[in-house]
Amino acid sequence: MSMTEQEARAWIEGRVPRGTMAGLEKLVAMILDEMPRQNLIAASTAESIWTRHIVDSAQLVPMVGKGGPLRWIDLGSGAGFPGMVVALMLPELRMTLVESRRKRIDFLRFMAESLGIADRVTVAGQRLEMLESSPHDVISARAFAPLDRLLPLAHRFSHDATLWLLPKGRSAASELEAVTTSWQGDFRVVPSMTDPEAAIIVASQVQPRGKGQKGRR
Ligand SMILES: C[S@@+](CC[C@H](N)C(=O)[O-])C[C@H]1O[C@@H](n2cnc3c(N)ncnc32)[C@H](O)[C@@H]1O
């Protein structure tokens, strides 16, 4: 069974300080307020925004080891899922949100300012293909591209120890199957908390097959 909205809010409340909860409440309010101007989330999911978008994003946080500041890049952030939610929850994080659509770019920048996290959240307002390469400790992408397109596009933003967190709906197993001959690494399929039929691909040491190891940075 899926989580209820009440369970989703309680799950978050039990894990974050009050200030972070207030930030998440504000993010939800801003997105719902913006909906008449742009289609940020499917209208059918607006009433279950805590389950379908906030917890769906927040469930990635415990998958990341605790430690020093992380460089995290979120590909095709849209309304900020999962990137903006994660940035609110992890105060030491330096987050890059990649998004190519003008109205979404402006809205992401406005949200980061309004939430007081613009000093550590960069909105790269361009197509991922045009963004200069740089290594990141975590790469996330939700509803961005199938794995066989995502890995070649995003690999230049990784290093040897990069953790890949890719919420994949129901297609995780078939997407993984499609890359086994061309990519190697430690790939796991983890069930999603918010949808019993969905899964997250969690991967590390991802390399094109036949290539040597990249340097650890
Ligand atoms: C289906 S939406 C998903 C948004 C968000 N990750 C989510 O799960 O709610 C995909 C987003 O990726 C953006 N996008 C698609 N191709 C892109 C590219 N090549 N570079 C940057 N952004 C891209 C789109 O504008 C859109 O906002």
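Read the numbers this way: they start at 1 and go in the same order the structure lists the ligands and their atoms. Keep in mind it's a predicted model, so treat the numbers as computed, not measured.
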Can you tell me the protein heavy atom closest to [atom] and the distance?
| atom | result |
| --- | --- |
| atom 17 (C) of ligand 1 | Phe144 CE1, 3.4 Å |
| atom 13 (C) of ligand 1 | Glu99 OE1, 3.3 Å |
| atom 26 (C) of ligand 1 | Arg104 NH1, 3.3 Å |
| atom 23 (C) of ligand 1 | Ser100 OG, 3.4 Å |
| atom 9 (O) of ligand 1 | Arg142 NH2, 3.0 Å |

Parallel, tilted or perpendicular: which one describes the rings of His136 and Phe157, with boundaries at 30° and 60°?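 His136 and Phe157: tilted rings.
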When you measure from the side chain of Gln205 to the backbone of Asp186, do you find a donor-acceptor pair of N or O atoms at a distance under 3.5 Å?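 Not a single qualifying donor-acceptor pair exists.
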Do the side chain of Arg94 and the main chain of Asp119 share a donor and acceptor less than 3.5 angstrom apart? yes
Check if Ser77 has a non-hydrogen atom at a distance under 4.0 Å from any atom of ligand 1. yes
Contact check, His53 vs ligand 1, heavy-atom distance below 4.0 Å: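 The answer is no, since His53 has no heavy atom less than 4.0 Å from ligand 1.
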Does Glu129 CD have over 12 foreign heavy atoms under 6.0 Å away?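 Yes - once you tally the heavy atoms of other residues, nucleotides and ligands closer than 6.0 Å, there are more than 12.
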Counting neighbours of CZ on Arg18 that are heavy atoms of other residues, nucleotides or ligands and sit closer than 6.0 Å, is the number greater than 12?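 At most 12 heavy atoms, drawn from other residues, nucleotides or ligands, come within 6.0 Å of this atom.
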Short N or O distance, [X] and ligand 1, threshold 3.5 Å exclusive:
| X | value |
| --- | --- |
| Ala143 | no |
| Arg101 | no |
| Leu128 | yes |
| Gly76 | yes |

Applying side chain to side chain contact (heavy atoms under 4.5 Å, CB included) to Glu7 and not counting sequence neighbours gives Met3, Thr4
Give the atom numbers and elements of ligand 1 that come within less than 4.0 Å of a heavy atom of Gly78. 4 (C), 27 (O)
Which bit of Glu129 gets closer than 4.0 Å to ligand 1, counting heavy atoms only: side chain, backbone, both or neither? side chain
Where does Pro167 meet ligand 1, judged by heavy-atom distances below 4.0 Å: at the side chain, the backbone, both, or neither?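 Contact part for Pro167 vs ligand 1: neither.
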Please assess Asp195 against Arg52 for the test salt bridge (charged side-chain N to carboxylate O under 4.0 Å, His left out), listing each intermediate value before the final yes or no. CA-CA 8 Å; Asp195 178 348; Arg52 297 287 295 273; over 6 Å; no
Quick one: salt bridge (Lys or Arg N to Asp or Glu O under 4.0 Å) partners of Arg9, sequence neighbours excluded?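 Arg9: salt bridge (Lys or Arg N to Asp or Glu O under 4.0 Å) contacts with Glu25.
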Salt-bridge contact Arg142-Asp56 (side-chain N to carboxylate O under 4.0 Å):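 Yes, Arg142 and Asp56 are salt-bridged.
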